[in-house]
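Working notes, beginning with the structure itself.
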Amino acid sequence: DCVNCQLMLSSHQVRIHDCIDCEFYLSAGSKPIIEHCTGLKFAPFRFQYPGLADHQKLVNHAPLENSWQEIQDFRWLRTTQSPNWSLLEESEWKTVVVNDSAEVSIQDSPQ
């Protein structure tokens, strides 16, 4: 249950329930699933920190096999686009970078 949140997730499976007006930056090994949600926006995972690749390898997560934009809305069974979610325009993407000193910066445009 989230309202007006921005989340960056890297996972094999992503299931989102009861969220309103949130942005998700995803790296997902399977198609993300939403239920009982409205106003969601999606973009690719854009979080960087030292050791990220090692952590993904440790848990067998392959970031290149990313289904971030193949959202399945289990409450919208029609063949047309669900009104409950959309993709963020690339110009709206944000990137979060944590450096070796644990300083965080947020960049508003894609790198």
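Because the structure is predicted, anything quoted here is derived from the model rather than measured.
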Transitive ILVMFWY side-chain link [X] to [Y], under 4.5 Å:
{"X": "Leu77", "Y": "Leu40", "result": "no"}
{"X": "Phe42", "Y": "Val96", "result": "yes"}
{"X": "Leu52", "Y": "Val104", "result": "yes"}
{"X": "Leu9", "Y": "Val98", "result": "yes"}
{"X": "Ile20", "Y": "Leu88", "result": "no"}

Is [Y] close to [X] at the side-chain level, that is, under 4.5 Å between some pair of heavy atoms?
{"X": "Trp68", "Y": "Leu87", "value": "yes"}
{"X": "Ser82", "Y": "Ile71", "value": "no"}
{"X": "Trp76", "Y": "Pro83", "value": "yes"}
{"X": "Arg46", "Y": "Lys94", "value": "no"}

Rounded to the nearest 0.5 Å, what separation is found between the [atom1] atom of [X] and the [atom2] atom of [Y]?
{"X": "Asp21", "Y": "Cys5", "atom1": "CG", "atom2": "SG", "value": "10.0 Å"}
{"X": "Gln6", "Y": "Glu23", "atom1": "CD", "atom2": "CD", "value": "4.5 Å"}
{"X": "Trp85", "Y": "Asp73", "atom1": "CH2", "atom2": "CG", "value": "9.0 Å"}
{"X": "Ile16", "Y": "Ile34", "atom1": "CD1", "atom2": "CD1", "value": "7.0 Å"}
{"X": "His17", "Y": "Cys37", "atom1": "NE2", "atom2": "SG", "value": "8.0 Å"}

Indicate the atoms forming the closest heavy-atom contact of [X] with [Y], along with that distance.
{"X": "Ser10", "Y": "Gln56", "answer": "OG-NE2, 3.2 Å"}
{"X": "His12", "Y": "Asn60", "answer": "CE1-O, 2.9 Å"}
{"X": "Pro32", "Y": "Ser67", "answer": "CD-O, 3.1 Å"}
{"X": "Ala28", "Y": "Asn66", "answer": "N-OD1, 2.9 Å"}
{"X": "Phe45", "Y": "Met8", "answer": "CE1-C, 4.0 Å"}

Co-members of Val59 in a cluster of I, L, V, M, F, W and Y side chains, linked at under 4.5 Å | none
Over 60° means perpendicular and under 30° means parallel, so classify the ring planes of Phe47 and Tyr49, tilted if in between.
-> perpendicular
Contacts of type salt bridge (Lys or Arg N to Asp or Glu O under 4.0 Å), residue Arg15, not counting sequence neighbours =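 So Arg15 forms a salt bridge (Lys or Arg N to Asp or Glu O under 4.0 Å) with Glu35.
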